Structures are given as C-alpha cells and as structure tokens.
Amino acid sequence: MTEDSRAEARSEGLDFIRAIVAEDLATGKHASIVTRFPPEPNGYLHLGHAKAICLDFGLAREIPNSRCHLRFDDTNPATEETEYVDGIMNDVRWLGFDWKKHLYYASDYFEQLYEWAVALIRMGKAFVDDQTPDEIRANQGSLTEPGRESPFRGRSVEENLDLFARMRAGEFPEESRVLRAKIDMAASVVAMRDPILYRIQHKAHHRTGTTWCIYPMYDFAHPLSDAIEHVTHSLCTLEFLDHRPLYDWLIEQLPVPSRPRQIEFARLNVTHTITSKRFLKRLVDEGFVTGWDDPRMPTIAAMRRRGYPARALREFCDAIGIAKRDNLIELANLEFHVRQALNQEALRRMAVLDPIKLVIENYPEGQEESLDAINNPEDPGAGTRKVPFSREIWIEREDFMEDPPKKFFRLSPGKEVRLRYAYFVTCQSVVKNAEGEIVELRCTYDPATRGGDAPDGRKVKGTLHWVSARHAVAAEVRLYGTLFKDEVPDPHAPGGLGAALDPDSLRVVERAWLEPALAEAAPGERFQFERLGYFCADPDGRPDRPVFNRTATLRDTWAKVAKQGGAE
RNA sequence: UGGGGCGUCGCCAAACGGUUAAGGCAGCGGCCUUUGGAGCCGCCAUCUGUAGGUUCGAAUCCUACCGCCCCAACCA
C-alpha cells in the first residue's frame with residue numbers, strides 16, 4: 001500500500017481496527033491476516049455475536065489471502081454441550097460466513113497447552129497452589145490493595161512438576177489445587193496477580209470425554225490457541241482489555257509459533273434487548289420464552305425464525321460501525337435494515353388480521369373472478385398472481401370508520417375507496433348487532449373499475465387490502481412487540497427477571513384470513529402482507545392451519561397522523 | 001478509592017492541526033403513489049464533556065477539572 005492509498009483508506013473513514021490492519025499491511029508487518037471467532041458452546045449466539053462475526057469474518061474476507069477461523073472456546077466442561085456447537089455452526093453459516101476448513105476447538109490443544117504449562121513450571125513461572133478458593137479470594141487483595149502471595153508460591157520446580165502431573169492423573173479432588181502463574185500479587189491489574197491457569201474438574205468434556213480432569217482457564221488457553229493458529233489480529237470486546245497484559249505475558253514467556261495481537265472494541269447494546277448469554281439462558285430455563293429461538297429473543301436463531309434476513313443483520317452490523325465508546329443502538333435502526341431488505345425481497349400478499357365483512361350488494365351472488373396482482377412492485381421479475389374475488393370479502397376493521405376525521409381516507413358511509421387490484425366500492429350502509437357493534441358493511445361496486453382504475457379518471461384517496469371470504473384461508477398470526485419494556489432492561493429488577501418483560505411482547509391472532517396463495521407457504525418463507533407488515537411462515541404451522549410470525553410492521557404514517565390529532 | 005478505557009447532533013459514527021464538523025438511523029416539511037409502503041427532494045451540530053493554554057490556525061496538541069464504563073468467578 002502506498003502513502004497515497006493509505007491516505008485514501010483513511011479518508012474513507014475506516015474503523016480503528018481496519019485502520020490498524022491497513023497499517024500492518026502497509027508496513028509489511030503482515031501480508032495477509034488471520035482472525036478468529038471464538039464462541040464458547042454454552043448457549044446460542046445473539047445479536048452481539050453477530051457484530052463480532054461480521055467483524056471477524058468480514059475483515060478476513062476483505063483482505064486478500066486472509067481467513068477467519070471458527071474456534072470453539074471449550075475449556076469449561078461444566079457448561080458446554082454439543083447442542084450449542086451445532087447451533088452455533090448453523091447460525092454462523094446462516095449469517096453468510098464460511099470458515100472453510102478452519103474449524104477448531106481449544107480442546108484440540110489440551111496436550112500442547114499442558115506442555116506449555118509444564119514449561120512455565122520449569123521456568124519457575126508457575127506453581128501449584130493448595131489454597132482453598134476462599135483463601136485465594138481472600139489473598140487476592142482488592143482494587144486498591146495489593147494481594148498477598150500464596151504460602152505455596154515458593155515450592156520447588158520438582159514439587160510443582162510432581163503435583164501438576166498428579167493433578168492431571170486425577171489424584172486430587174476439585175478445588176483442592178490449581179496451577180497459578182507466578183507474576184505479581186501487587187499488580188494494579190488484578191488479572192496479573194498470579195492468575196489461575198488450570199483447575200481440577202472431574203467432569204466429562206463434550207469432546208475429550210474423561211481424558212482430562214484438569215482444564216485450562218480462558219486466560220491461558222486463549223492467547224496460546226491464537227498463537228497456535230497463527231491468528232494475527234485477535235478481536236474481542238472491551239471487557240478483555242484488562243486481560244491483555246496477561247495475554248501478552250504468556251505469548252512472551254512461551255515458545256509459541258506466532259505472536260498474535262489482541263484488539264478490543266465496544267460490545268453492542270440495543271434498546272429493549274439484552275445481549276448477555278447468561279440472562280438469555282435464564283429466560284429459556286425459567287420458561288419466560290418458548291426456547292432459544294422464540295422469535296422475541298435477540299438470538300440469531302430467533303431472529304431467523306422471526307423472519308429477519310441474514311442480509312439485514314449484516315447490513316445493520318456494517319452500519320453501526322466499530323469503535324471503543326459505549327453505545328446503545330436504537331432498535332429502530334435494526335428494524336430499518338430489516339424493512340429495507342424485506343422491501344426488496346418479500347413477495348406481497350393480502351391478509352386480514354382483524355376482519356369485518358363487506359358485502360357488495362350489486363355483485364352477482366355466486367359469481368367469482370380471478371384478478372391479477374403484482375407480486376413485488378420493487379421487483380418486476382417477481383411476476384404476478386391471481387387473487388380470487390367474490391361478493392363477500394373481509395377487510396380490516398381498522399379501515400372503516402363510521403364517523404371519520406378529516407384526514408381519514410379509508411372507508412366510511414357514502415365514501416368510495418379502491419379494493420386493491422379489484423374494484424372501487426362505496427359504502428351504502430352499516431349493519432350492527434344488538435350491542436351496537438358493527439358486524440357488516442353493505443357496499444356497491446363499480447364494474448367499470450375492474451383492476452382498480454376508473455375509466456372516467458376519477459380518483460379515490462384510499463386503497464384497502466382484502467380477502468375473498470369464500471376463498472380465505474384461516475391462519476394463526478403471532479404479533480411481537482419488544483421482549484423487554486424498558487429501553488435499558490434491568491435483569492435484576494425487583495420482581496425478578498419476569499418483571500422486566502413487556503407483557504405485550506406476544507399477541508396471538510387466532511383466526512386471520514389469508515389469500516389462498518399463502519396456504520402453501522413453507523416454514524421460513526417471508527412475505528409482505530400489504531399495508532400490514534412483513535410476516536414469516538413459522539414451523540409450528542400445519543397444512544390446514546398455517547402460522548405466521550410478524551417480522552416487522554410497515555412504517556405507518558397514518559398512525560402518526562392519527563396520534564397527532566388527525567383522527568379527531 | 002488502585003488500574004484501565006471512553007466522552008463529536010435524540011441514537012450510531014467519520015474527521016489523524018488547515019475549505020462552510022462526512023454519512024446512516026430517528027425526526028420534521030414537500031413531491032409522487034392502485035400498499036397512508038416504497039421512492040424522490042429539502043431541513044436537521046457556527047459546534048466537538050467543561051475551563052484554560054499553545055498555534056497564523058484545534059474536535060484534533062498541552063493542562064486541570066467533570067462524567068460514563070470495565071476489572072477483586074477455580075466463567076468466557
């Protein structure tokens with residue numbers, strides 16, 4: 001890279017990590033890069049991971065001859081399961097990224113890591129500590145006071161070697177001993193106060209089974225795994241910044257095959273959601289949601305089921321950028337990208353969620369016809385379809401007002417509107433039940449307006465979606481709101497996790513009416529229900545009873561006008 | 001309180017001492033429209049946490065304050 005192109009790269013406003021990479025390429029420090037996405041298989045991936053994935057894989061994709069590894073950070077058998085490994089791989093792939101042959105597990109390196117631990121002992125830089133967890137904690141000091149050295153810190157290399165070997169051999173119970181680095185109990189960075197490298201866990205590991213009963217800690221395994229894989233740029237979130245001195249210390253002490261560099265960026269926060277695997281797991285375990293893929297969850301699996309396109313997630317991550325300052329992205333920003341992608345891709349269909357019957361008095365009883373409807377005005381290639389029309393149709397209850405305000409240009413007594421792709425109809429009368437509720441609208445239509453245009457050139461202000469009653473398919477439709485009621489949910493709220501949840505996060509429409517073309521929608525298929533929003537067929541649906549999830553509403557200018565007083 | 005990170009428009013985020021401080025989201029006007037959708041056009045920081053200083057020139061350098069976040073799991 002020349003001076004000029006470097007300046008150009010700068011002027012393009014690269015984020016600070018891409019700027020560092022560009023610099024490393026420019027100076028010749030690296031000819032290509034290797035990144036890694038290192039999830040722990042103890043839960044499903046969420047929006048925050050999506051940001052990391054887009055960064056790790058996206059960056060590698062941008063630089064010629066570079067790659068990104070998928071490495072499972074499986075150093076804690078107590079919480080990790082194969083189910084999560086499979087889920088994570090599925091989610092990364094769905095997001096649109098490919099690790100090719102570069103699938104790794106920290107557990108693949110257990111033997112090498114053990115040898116390096118032994119090497120540290122030989123150098124006199126690690127020791128076996130017999131203190132209890134409580135003692136270790138008590139001797140750790142505080143943020144303002146230094147810690148105290150372990151009474152076992154002075155053990156001979158031989159004794160340490162012997163003890164560590166016997167730890168591995170399974171001679172000791174859990175919590176009886178740990179291997180610690182010998183650094184500095186007075187360090188102002190707590191992570192450097194003789195950090196624990198290995199602990200005893202008599203637990204089966206999802207991959208190594210019972211081969212091991214000692215497991216390396218993240219702080220030990222991570223930098224060394226990066227080095228083994230020749231990772232050049234090890235990107236992680238800001239909370240690991242304090243661990244970098246230890247990361248670098250280990251890389252310096254040991255004869256590792258490469259010297260990776262850790263760089264930290266700010267984690268993603270989005271309003272009305274939580275990106276903490278721990279709390280998401282509680283929502284699942286405590287039954288607040290139906291599972292990790294409950295469409296209200298911020299997990300990748302849930303967003304997929306809800307109907308968010310992978311592309312929308314990628315573009316969202318792109319748009320929010322990478323920086324080091326704390327951030328709180330408005331949910332509207334995510335929704336914008338979801339709508340933008342869906343507007344371009346989703347086929348249009350008609351569906352009525354809150355039906356009221358409209359009878360066309362002058363339309364011949366028993367007659368029906370097939371009308372042409374455009375599948376996607378944003379994509380001429382999507383073609384057209386036939387929609388059946390008949391004398392009795394369902395329209396949205398909300399599209400009629402008996403005593404409408406000035407700016408309401410939908411249906412009301414005496415008013416003429418267009419039924420999309422069909423005819424102009426005029427409301428002649430309103431039928432009510434004994435309780436005074438509107439049960440039916442009696443209208444007349446103008447046969448000359450077939451298709452939706454008047455030959456005499458007269459205009460109507462409103463266009464309504466509709467479904468022919470005789471041909472309608474009944475479906476269940478699930479309407480989602482935010483899972484949490486506050487912009488910044490407090491999982492520690494007084495009433496428990498449940499108290500932070502929005503009671504209106506799920507509304508089920510038991511019987512919505514769909515146009516027939518929707519009957520055979522396969523799970524995962526996404527549509528725009530005209531004038532209502534984007535919907536995605538859910539796997540819960542059966543052939544005789546489809547189920548749709550509302551992915552997002554359409555922007556609703558009328559709602560805004562009505563709110564501002566236009567509806568008075 | 002020890003250490004560290006960060007403070008640019010309501011929310012993100014560029015700007016790397018030198019034109020009127022990019023762009024996106026949100027918002028607000030208008031045009032257009034067989035989705036009150038989409039699209040299009042326009043408006044939206046004389047100002048960069050605060051106060052001083054250096055400089056011909058500062059969001060960018062210096063000093064001091066103020067504020068927010070992270071670190072004391074045998075989690076990652």
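The structure displayed is predicted, hence computed values, not measured ones.
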Novice: I want to verify a distance call: between rG3(B), rC74(B), rU35(B), whose nearest atom is closest to the R137(A) side chain?
Specialist: rC74(B)

Novice: Taking NZ, NE, NH1 and NH2 as the nitrogens, is one of them in R199(A) or E174(A) under 4.0 Å from a carboxylate oxygen of the other?
Specialist: no

Novice: Check for me: is Y218(A) stacked on rA76(B) by the 5.5 Å centroid and 30° plane-angle rule?
Specialist: no

Novice: With a 3.5 Å limit on both atom pairs, tell me what rC40(B) is paired to, counting Watson-Crick and G-U wobble, or say none.
Specialist: rG30(B)

Novice: Has the side chain of E378(A) got a donor or acceptor that lies under 3.5 Å from a partner of the other kind on the base of rG37(B)?
Specialist: yes

Novice: Taking V270(A) as the fixed residue, which of L331(A), N333(A), V488(A), I320(A) is the one that meets the side chain to side chain contact (heavy atoms under 4.5 Å, CB included) rule?
Specialist: L331(A)

Novice: With a non-hydrogen cut-off below 4.0 angstrom, is F336(A) in contact with a base, only sugar-phosphate, or nothing?
Specialist: sugar-phosphate

Novice: Can you find a donor-acceptor N/O pair under 3.5 angstrom joining the side chain of D326(A) to the base of rG7(B)?
Specialist: no

Novice: Between the side-chain atoms of Q528(A) and the base atoms of rG37(B), is any donor-acceptor pair under 3.5 Å?
Specialist: no

Novice: Answer yes when E396(A) and R531(A) have at least one side-chain N-carboxylate O distance shorter than 4.0 Å, and no when they do not.
Specialist: no

Novice: Classify the side chain of R410(A) and the base of rG36(B) as holding, or not holding, a donor-acceptor pair under 3.5 Å.
Specialist: yes

Novice: Ignoring backbone atoms, establish whether R325(A) has a side-chain N or O less than 4.0 Å from OP1 or OP2 of rA14(B).
Specialist: yes

Novice: Looking for any heavy atom pair under 4.0 Å, which part of the strands does N327(A) touch: base, sugar-phosphate only, or nothing?
Specialist: sugar-phosphate

Novice: Is there a donor-acceptor contact under 3.5 Å linking the side chains of H222(A) and R36(A)?
Specialist: yes

Novice: Pick one for rA38(B): is it syn, with its angle within 90° of 0, or anti?
Specialist: anti

Novice: Pairing check on rG2(B): which nucleotide meets the Watson-Crick or G-U wobble criteria with it, both distances under 3.5 Å?
Specialist: rC71(B)

